[in-house]
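I have placed the structure first, in the form of structure tokens, so that the comments after it can refer back to it.
All values derive from a computational prediction rather than experimental measurement. Any value given below was found using the heavy atoms of this structure, including those in side chains, with hydrogens, waters and symmetry copies removed.
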There are 2 protein chains.
Amino acid sequence: MTNKRSLSEEPRSYHHGDLRKALLEAAVQLIEARGLDAVSVREVAKMTGVSPGAPFRHFATRTALLTAVAEEAIDRLTGEINLSLQAAADENPLLQFRAIGVGFLRWVFANPTHFQVISTRAVINFEGSTLRQRNDVIRTKMTVLMQQAAAAGLLRTGDVGRHQIAARALVYGLGRMYIDGQFPSWELNEREALGESIVILDQFISSIRA
Amino acid sequence: MTNKRSLSEEPRSYHHGDLRKALLEAAVQLIEARGLDAVSVREVAKMTGVSPGAPFRHFATRTALLTAVAEEAIDRLTGEINLSLQAAADENPLLQFRAIGVGFLRWVFANPTHFQVISTRAVINFEGSTLRQRNDVIRTKMTVLMQQAAAAGLLRTGDVGRHQIAARALVYGLGRMYIDGQFPSWELNEREALGESIVILDQFISSIRA
DNA sequence: ACCTGAACACCGTTCAAGT
DNA sequence: ACCTGAACACCGTTCAAGT
């Protein structure tokens, strides 16, 4: 808040100190308030008090702006998953694997619009960013835990790699069904949705457990 | 093709005979060729050879146009599922339930952009259309089959309703992961994706079978 | 170095006027 | 009844010009 403006003047000039950051914050606000489609570079510029062309000094395209939002978002998602993993640090590998799913679901249901930004490829530049690598960190953890679970004889039958994809598709599907508005169809209101989703995950975990 | 134009004239006038249909076809072409975001009412009008305002005589908004596309799409999806169900007519309820999933996956992997139109609520008017009812037809079938499977002692433990949601979330998640470009992460190329997805579904079905 | 503000080629949507 | 074509208020993006 208190930076480069040399003296006590109104914040009316074109010095934000950190326009980049201000633009990202405005974009997040706009997503939260009016949805992903409502995010226009011009509106974000207006909210930040700069001219329509100014954001392009910091983000080459609208996609680049939203990709930056997605990178922030995936960091927070990873954080939530790590919290959940820590809380399960003393459990067996299968329950740690489950904890990843729980962390994912918690974050998605608490931050639906951020999940939308991460998961909707049309709106971000997944490859030309750090998103793939950040995603891979989580996936690698899942793989390791699944293999440990198999090695420890915790799993029933079936292919381990496919159990892993199934688990991923299950929680991803639950999250997408939520943001795609498919839960009302299933006679679940949104308040129960997270709890139900965790129960469903647990039932899946049970069904693959030895 | 041969209708209201009274005599042999160039099709240059504003009589398409069925402009509504022509607009829908153009929209589908555009989605197929350049993706959902590329669908603008103006472009669809241009492809059909009419003025920018003409489509609004048939579809009140861009959303209404895409909702009509979605209604067509869900009919084809239902058709594919029914085909799959017929092929499994002699099987037990659990395998018929599986057949719904297989039909869904087949259709999604063959028509990814149509699936995107159906599933992306932001772009269509789900409630103000017949989409919910058409969706309910399939869901009701799933519910009936699941209950029959339970009654016939075909299921292992767990809550039947939750197995049903899990199955739905699993195939929905696989479909969305596909159109969201998440399969490369899982070291699956797109050609193998359908086959793998069916194997994963089968593994899930196995895990809930008695 | 960073931002302004005009400009360009697009949008969705409306509506008087034409046939 | 159905379509045209101009108009309005928006877009994303570029770029000379200002500070």
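When every heavy atom of A/R106 is checked against every heavy atom of A/S84, the shortest pair comes out as NH1-OG, 4.1 Å.
Applying the ring pair (Phe, Tyr, Trp, His ring centres under 6.0 Å) criterion to A/F115, with sequence neighbours excluded, gives A/F104, A/Y172. For A/E71, the side-chain contact (heavy atoms from CB on, under 4.5 Å) partners two or more places apart in sequence, or in a different chain, are A/S129, A/T130, A/L131, A/R134. With sequence neighbours left out, B/E72 forms a side-chain contact (heavy atoms from CB on, under 4.5 Å) with B/L24, B/R76. Applying the salt bridge (Lys or Arg N to Asp or Glu O under 4.0 Å) criterion to A/R98, with sequence neighbours excluded, gives A/D202. Residues passing the salt bridge (Lys or Arg N to Asp or Glu O under 4.0 Å) test with A/R162, sequence neighbours excluded: B/E196. Under the rule for a salt bridge (Lys or Arg N to Asp or Glu O under 4.0 Å), A/E32 has no partner lying at least two apart in sequence or in another chain. Taking B/R34 as the reference, B/E43 meet the salt bridge (Lys or Arg N to Asp or Glu O under 4.0 Å) condition, with sequence neighbours excluded.
In this structure, the CZ atom of B/R20 is 13 Å from the P atom of D/dC3, given to the nearest Å. Between the P atom of D/dC3 and the NZ atom of B/K46 lies a distance of 19 Å, rounded to the nearest Å. Across the protein-nucleic acid pair, A/L30 atom CG and D/dG12 atom C1' stand 15 Å apart, rounded to whole Å.
Under a 3.5 Å cut-off, the side chain of B/D180 and the backbone N or O of B/Q182 do not form any donor-acceptor pair. With hydrogens and angles ignored, the 3.5 Å screen pairs no side-chain donor or acceptor of B/T63 with any backbone N or O of B/N125.
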Every protein N/O lying under 3.5 Å from an N/O of nucleotides 7-9 of chain C:
none

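Residue pairs meeting the side-chain hydrogen bond (donor to acceptor under 3.5 Å, both in side chains) criterion with at least one member in residues 21-30 of chain B, sequence neighbours excluded, do not occur.
Annotation: proximity of residues 53-68 of chain B to DNA chain D (heavy atom, distance under 4.0 Å) is found for B/G53, B/A54, B/R57, B/H58, numbered in ascending order. For the segment residues 31-39 of chain B, the set of residues with a heavy atom within less than 4.0 Å of an atom of DNA chain D is empty.
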Practice item. Before giving the answer on side chain to side chain contact (heavy atoms under 4.5 Å, CB included), spell out for A/R20 and A/F59 the whole-Å C-alpha distance, their side-chain angles and the decisive distance to 0.1 Å. Key: CA-CA 8 Å; A/R20 190 191 142 89; A/F59 302 101; 3.4 Å; yes

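A side chain to side chain contact (heavy atoms under 4.5 Å, CB included) with A/V102 is found for one member of A/I198, A/I81, A/L95, A/V171 and no other, namely A/I198.
Base-pairing analysis of DNA chain D finds the following stems of at least three consecutive Watson-Crick or G-U pairs, with both pairing distances under 3.5 Å: C:4-8 with D:12-16, C:12-16 with D:4-8.
Regarding contacts with the backbone of D/dC11, a side-chain N or O of A/S40 is found under 4.0 angstrom from either OP1 or OP2.
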